[in-house]
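Below is one structure; the comments refer to it alone.
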Amino acid sequence: MSGLLEELEWRGLITQSSDREALEAHLATPGRTLYVGFDPTADSLHIGHLVPLLVLRRAQQVGLRPIALVGGATGLIGDPSFRDDERSLNSPDVVAGWVQKIRDQLAPFLSFEGDNAAIAVNNLDWTAELDVITYLRDIGKHFSVNAMIQRDSVRSRLEREGQGISYTEFSYMLLQAMDFLELARRYDCTLQVGGSDQWGNIVSGIDLVRRHLSRQVHGVTLPLVTKADGTKFGKTAGGAVWLSAERTSPYAFYQFWLNTADADVVSFLRYFTFLERKEIEALANDVEQNPQARGAQRQLAEEVTRLVHGQESLRSAQRISDALFGGELSALTEADLEQIALDGVPHVVVDEGSGLLAALAQAGLTRSVGEARKLVKSGGVSVNGAVEGDERRELMFAEALFQRFFLARKGKKNWLLISVKK
RNA sequence: GGUGGGGUUCCCGAGUGGUCAAAGGGAUCAGACUGUAAAUCUGACGGCUAAGCCUUCGAAGGUUCAAAUCCUUCCCCCACCA
């Protein structure tokens, strides 16, 4: 009845699930509750978090009650699952700050009103006061170390030469299992969803709930997003692609999706948009027939940017993309250039007569002046639309657009707006 | 606490007195080709206003004309044992 599983199924979003038929039957009853956990490992979520977050939203759309859990406690420990090395701990103050930011970031994706209003929780609420003896007796007693060390998720840490795992991280799965138990108790939550790396932790939770409450609860994992060329999804030159506009501008965000490879775009449409099956099939056909138009990429970029940053930000991202990639730079007006800076293209202010190289380095477009020099020498930089071969190029009013601006470009798509200061 | 192994440039990983800014691979960046794709090929890949100089091989000292390489102490990681 809920249709959640069918929806996830055709989108390719189910990697593993606990007893599928039982789950299907379970979800047939209206009003079920599910949860996804997000650990605060930074002050913002990134696009890797988007898949489970959107699943939570999809679930709410078909009538389930979503719980977004922020790991104020688990974030203090660090999930060892499939990680090669031990994490360094973050201070409680820092993590608490991140918890708040992530809560705020999650909220717009869910509705906190209506019959199946979303719930936001923090697992620190039920772990902060827990004493260690109670924890060991009530939780720890249900876990077999023999079973825990069999988990794939920690195997590399146990077998790999030169690596180990601390008791702290090893305990992570108990904390996550406890979360499921707590949510089952408090909110009758009966389904946990997470990335495929979470399978072990989810199963631990299912077991714990069964032992404590004699109830059958369920788990589903989502695929790890991969790219056809084997490189890591979600990374760009500047690092991860973040959901916060401060870390990744809407323009950069839009460009990220627009640059999706043909081989990946269809699955990304399924994972990251709410477009219906027919629409996605039409776009898939488009990729086949008319790849150079990149219609699917455009649609993907549009949908995801709107979802994360809203209609306004999408417009400005498109406006600036059109301006920079559309045609003649000479067609840009002074107002356009001013807008470009506001819309999120990297921007630096320099004194007249400053060197181009310094400006590139200052803007972070290159890591050092030397790198900028090499780049210019190899023809990788253009200024105001023309390849710049002179490493000594100085930025003078006389040559600036509107006596103020230089539009520099590194490679084909990395723009930098330079303003010359009076 | 004991014994053994180990910490190398973004990552993996070679290097055991000069020929080492340090092999090789990956990642990354640029150029060519394109569609702001992929694949492929080419180049770059510690810093420096680049001839040359400066800083790097866990940390600090030391030996030497010369150290990533040898010695001392310390820190950290791993395995096994207690």
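Note on naming: letters A, B, ... go to the chains in the order of the sequence lines (proteins, then strands), and numbering restarts at 1 for each one.
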Exercise for the section: Counting heavy atoms from C-beta on, name the nucleotide in B:U36, B:C29, B:U28 closest to the side chain of A:S321. Expected result: B:U36
Exercise for the section: Scan for side-chain hydrogen bond (donor to acceptor under 3.5 Å, both in side chains) pairs involving residues 92-102 of chain A, sequence neighbours excluded, and state none if there are none. Expected result: A:Q100-A:D104
Exercise for the section: Provide the distance between the two C1' atoms, one in B:A30 and one in B:U36, to the nearest whole Å. Expected result: 15 Å
Handout entry: Identified side chain to side chain donor-acceptor pair (under 3.5 Å) counterpart of A:S44 within the set A:Q105, A:R247, A:H49
Key = A:Q105
Side-chain donor-acceptor pairs under 3.5 Å in residues 394-404 of chain A, sequence neighbours left out?
unit_1	atom_1	unit_2	atom_2	d
A:R404	NH1	A:E334	OE2	2.9
A:R404	NH1	A:E338	OE2	2.8

Problem - Whole angstrom value for the distance that separates P of B:G35 from CG of A:L300 - result: 21 Å
Contacts table for residues 53-62 of chain A: side-chain donor-acceptor under 3.5 angstrom, sequence neighbours left out:
unit_1	atom_1	unit_2	atom_2	d
A:R57	NH1	A:F109	O	3.2
A:R58	NH1	A:T273	O	3.0
A:R58	NH2	A:Y271	O	2.8
A:R58	NH2	A:T273	O	3.2
A:Q60	OE1	A:S111	N	2.9
A:Q60	NE2	A:S111	O	2.8
A:Q60	NE2	A:N116	O	3.0

Dump every N/O contact between nucleotides 53-57 of chain B and the protein below 3.5 Å, one line per pair.
none

Exercise for the section: Establish whether the base of B:U34 is bridged to the side chain of A:K412 by a donor-acceptor pair shorter than 3.5 Å. Expected result: yes
Practice task
Report the residue from A:T74, A:N201, A:D79, A:D39 that forms a side chain to side chain donor-acceptor pair (under 3.5 Å) with A:Q176.
Solution key: A:N201
Handout entry: Reference residue A:H309; test ring pair (Phe, Tyr, Trp, His ring centres under 6.0 Å); the match among A:Y251, A:W257, A:F253, A:Y254
Key = A:F253
Handout entry: Interface residues of residues 337-352 of chain A with RNA chain B (non-hydrogen, below 4.0 angstrom)
Key = none
Practice task
Decide yes or no for A:R151 and A:I149: does some side-chain heavy atom of the first lie under 4.5 Å from some side-chain heavy atom of the second?
Solution key: no
Practice task
Would you mind listing every ring pair (Phe, Tyr, Trp, His ring centres under 6.0 Å) that reaches into residues 130-151 of chain A, with sequence neighbours excluded?
Solution key: A:H142-A:H212
Practice task
Please determine if a side-chain N or O atom of A:N414 lies less than 4.0 Å away from the OP1 or OP2 oxygen of B:U36.
Solution key: no
Exercise for the section: Measure the distance from CG on A:N290 to P on B:A37 and round it to the nearest whole Å. Expected result: 16 Å
Handout entry: Separation between the P atoms of B:U69 and B:C81, rounded to whole Å
Key = 33 Å
Problem - Matching residue for A:T221 among A:V203, A:L13, A:T15 - test: side-chain contact (heavy atoms from CB on, under 4.5 Å) - result: A:T15
Practice task
Mind calculating the distance between CG (A:L365) and C1' (B:C29) to the nearest angstrom?
Solution key: 11 Å
Practice task
Apply side chain to side chain donor-acceptor pair (under 3.5 Å) to A:S196 and list each qualifying residue two or more places apart in sequence or on a separate chain.
Solution key: none
Exercise for the section: Remember a base hit wins even if backbone is also touched, and classify A:L258 as base, sugar-phosphate or nothing at under 4.0 Å, heavy atoms. Expected result: base
Problem - Whole-Å gap separating C1' (B:U34) and CG (A:D262) - result: 11 Å
Problem - Euclidean distance, atom CG of residue A:L360 to atom P of B:U49 [Å, nearest integer] - result: 14 Å
Completion exercise
With sequence neighbours left out, the residues meeting side chain to side chain donor-acceptor pair (under 3.5 Å) with A:Q292 are A:N290
Handout entry: Interatomic distance, A:R367 CZ vs B:U9 C1' [rounded to whole Å]
Key = 11 Å
Practice task
Could you check whether A:A263 gets within reach of a base, just the sugar-phosphate, or nothing at all, counting any heavy atom under 4.0 Å?
Solution key: nothing
Fill in the blank from the handout: What residues 379-391 of chain A contributes to the RNA chain B interface at heavy-atom separation below 4.0 Å is A:G379, A:G380
Practice task
State whether the distance check finds a donor on one side and an acceptor on the other, under 3.5 Å, for side chain A:Q297 versus base B:U36.
Solution key: no
Problem - Pairwise C1' distance, B:G62 and B:G17 [rounded to whole Å] - result: 15 Å
Completion exercise
Between A:G71 and A:P40 the two heavy atoms that sit nearest each other are O-CD, 3.0 Å
Handout entry: Nearest-Å distance for atom pair CZ/P, residues A:F325 and B:G35
Key = 16 Å
Problem - Test item: A:N384 side-chain N/O and A:L407 main-chain N/O as donor-acceptor pair under 3.5 Å - result: yes
Problem - Where protein sits on nucleotides 39-46 of chain B, one letter per nucleotide: B base, S sugar-phosphate only, - none, heavy atoms under 4.0 Å - result: S----SS-
Handout entry: 5' precedence on RNA chain B between A:G411 and A:Q292 (nearest-nucleotide basis)
Key = A:G411
Practice task
Determine the Euclidean distance between corresponding P atoms of B:U72 and B:G4; express it in Å to zero decimal places.
Solution key: 14 Å
Exercise for the section: Using a cut-off of strictly less than 4.0 Å, decide whether A:K413 has a side-chain nitrogen or oxygen near OP1 or OP2 of B:A37. Expected result: yes
Handout entry: Nearest-Å distance for atom pair CZ/P, residues A:R294 and B:G35
Key = 10 Å
Practice task
Only pairs at least two apart or in different chains count here, so list each side-chain hydrogen bond (donor to acceptor under 3.5 Å, both in side chains) that has a residue in residues 352-381 of chain A.
Solution key: A:R373-A:E391
Handout entry: Pairwise P distance for B:G1 and B:A66, with rounding to whole Å
Key = 38 Å
Practice task
Establish, from distance only, whether the side-chain atoms of A:D179 and A:Q192 form a donor-acceptor pair under 3.5 Å.
Solution key: no
Heteroatom pairs (N/O) under 3.5 angstrom, protein to nucleotides 80-82 of chain B:
none

